[in-house]
Amino acid sequence: MAEVANKAAFAEGARYIFNNWTALRLAVEQDWGGVESGEKKEWFLNVIIDYFGKHGKKLDIDEIEDILNQIMTDEFQTTLEDDSPYMVAKHLILLFNQCINGNYSEVERLREKAKTSNSFVASSCIAQGEDSEDEADIPANELPVDKEDMDEDMDDTPEEPLVDEDGWEIVRRK
């Protein structure tokens with residue numbers, strides 16, 4: 001029973017580590033692995049979790065780093081030169097060793113970090129998207145107008161083209 005809990009804790013922690021890995025997050029967000037980048041990330045995570053489950057304590061940081069680099073290159077067409085695969089491999093091994101010993105402090109720390117970063121993102125999105133209720137109730141033609149902005153907008157109106165005596169239009173810089 002403890003082994004199942006340890007594996008579940010490691011899988012949860014590994015998911016948090018992968019979600020925080022900037023290179024992988026960018027690869028998924030920007031579809032560097034194609035339209036199924038999200039599915040590739042899940043597959044990638046499962047490959048790593050299975051690899052740790054099969055090899056147990058015989059894990060080597062360099063070996064894990066090579067696997068991370070290889071999958072990023074093959075699946076996301078990404079060459080990483082920032083040592084992030086080494087840092088992720090080191091973090092995964094640390095997490096794995098803690099989890100097999102029943103120590104879930106790193107998983108808990110990662111969980112709290114994810115909660116605080118998610119709540120920060122959500123609160124900043126809400127704050128940026130909110131309009132003042134006063135402005136929402138006032139029709140657009142009755143909102144206060146900044147005269148300086150109006151002057152700038154007036155400059156953007158297109159002028160009549162200048163045509164020389166031969167009928168050619170003279171192009172001016174803005």
Side-chain angles (χ1 to χ4, degrees), residues 1-133 135-136 140 149 153 156 174:
M1 186 69 150
E3 186 176 313
V4 172
N6 292 348
K7 184 176 181 179
F10 174 70
E12 180 184 359
R15 180 172 305 283
Y16 291 132
I17 291 170
F18 270 48
N19 288 341
N20 289 329
W21 187 9
T22 305
L24 180 59
R25 192 172 59 240
L26 284 172
V28 172
E29 288 172 359
Q30 301 296 320
D31 289 332
W32 295 346
V35 292
E36 59 277 333
S37 291
E39 290 84 12
K40 285 184 179 183
K41 176 186 169 191
E42 289 301 315
W43 168 81
F44 187 9
L45 177 63
N46 290 329
V47 166
I48 295 299
I49 291 169
D50 291 344
Y51 189 84
F52 272 82
K54 289 177 185 171
H55 292 86
K57 293 184 178 184
K58 302 175 196 169
L59 296 165
D60 178 41
I61 291 177
D62 294 329
E63 191 176 337
I64 302 298
E65 177 188 14
D66 290 343
I67 293 169
L68 295 172
N69 261 323
Q70 189 65 46
I71 291 176
M72 287 296 290
T73 300
D74 292 348
E75 299 300 326
F76 297 100
Q77 290 73 44
T78 305
T79 303
L80 302 174
E81 298 175 352
D82 63 350
D83 290 333
S84 65
Y86 175 80
M87 300 304 290
V88 170
K90 185 176 174 181
H91 199 178
L92 286 168
I93 288 175
L94 172 99
L95 178 72
F96 181 77
N97 288 330
Q98 285 183 357
C99 288
I100 61 172
N101 292 319
N103 178 359
Y104 306 127
S105 60
E106 184 62 15
V107 175
E108 291 168 8
R109 187 187 72 78
L110 290 168
R111 185 182 304 129
E112 288 303 312
K113 181 179 176 184
K115 284 181 185 176
T116 57
S117 67
N118 286 343
S119 65
F120 173 74
V121 169
S123 66
S124 66
C125 289
I126 291 169
Q128 290 176 357
E130 288 180 352
D131 285 339
S132 133
E133 290 181 24
E135 287 184 7
D149 287 343
D153 291 342
D156 293 340
K174 290 188 176 192

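All residue numbers refer to positions in the sequence shown, counting from 1.
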Please identify each residue that fulfils side-chain contact (heavy atoms from CB on, under 4.5 Å) with I93, with sequence neighbours left out.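 Checked I93 against side-chain contact (heavy atoms from CB on, under 4.5 Å); matches are F52, L59, I61, I64, N97.
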
Tell me every residue that passes side-chain contact (heavy atoms from CB on, under 4.5 Å) with A23, counting only those two or more places apart in sequence or in another chain.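 Residues passing side-chain contact (heavy atoms from CB on, under 4.5 Å) with A23: W21, M72, L80, S84.
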
Distance from [X] atom [atom1] to [Y] atom [atom2], nearest 0.5 Å?
X: D50; Y: W43; atom1: CG; atom2: CH2; result: 11.0 Å
X: N19; Y: K113; atom1: CG; atom2: NZ; result: 11.0 Å
X: E106; Y: L92; atom1: CD; atom2: CG; result: 10.5 Å
X: R109; Y: L95; atom1: CZ; atom2: CG; result: 10.0 Å
X: I100; Y: Q98; atom1: CD1; atom2: CD; result: 10.5 Å

Take Y104 and N6 through the side chain to side chain contact (heavy atoms under 4.5 Å, CB included) test and state the conclusion after the steps. CA-CA 8 Å; Y104 306 127; N6 292 348; 2.3 Å; yes

Compare every heavy atom of [Y] with every heavy atom of [X], then report the nearest pair and how far apart it is.
X: A14; Y: I49; answer: CB-CG1, 4.3 Å
X: Q77; Y: G33; answer: OE1-CA, 4.1 Å
X: N69; Y: P85; answer: OD1-CG, 3.2 Å

In the structure I gave you, are the side-chain heavy atoms of F44 and I48 within less than 4.5 Å of one another anywhere?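 Side-chain contact under 4.5 Å: yes.
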
Could you walk me through whether L110 and H91 satisfy the side chain to side chain contact (heavy atoms under 4.5 Å, CB included) test, starting with their C-alpha distance in whole Å, then the side-chain angles of each, then the deciding distance to 0.1 Å, before giving a yes or no? CA-CA 11 Å; L110 290 168; H91 199 178; 3.9 Å; yes

Report the residues that fulfil side chain to side chain donor-acceptor pair (under 3.5 Å) with N101, sequence neighbours left out, ordered by chain and then residue number.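 N101: no side chain to side chain donor-acceptor pair (under 3.5 Å) contacts found.
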
Kindly write out the residues that satisfy side chain to side chain donor-acceptor pair (under 3.5 Å) with S37, not counting sequence neighbours, or none if the list is empty.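 For S37, no residue satisfies side chain to side chain donor-acceptor pair (under 3.5 Å) once neighbours in sequence are set aside.
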
Residues two or more places apart in sequence or in another chain: which of them pass salt bridge (charged side-chain N to carboxylate O under 4.0 Å, His left out) with E112?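 So E112 forms a salt bridge (charged side-chain N to carboxylate O under 4.0 Å, His left out) with K115.
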
Check: T73 side chain, T78 main-chain N or O, donor-acceptor pair, under 3.5 Å: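 Confirmed, T73 side chain pairs with T78 backbone.
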
Derivation and outcome, side chain to side chain contact (heavy atoms under 4.5 Å, CB included), residues F76 and V28: CA-CA 8 Å; F76 297 100; V28 172; 4.2 Å; yes

Only pairs at least two apart or in different chains count here, so list each salt bridge (charged side-chain N to carboxylate O under 4.0 Å, His left out) that has a residue in residues 19-45.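 Those involving residues 19-45 are R15-E42, K40-E75.
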
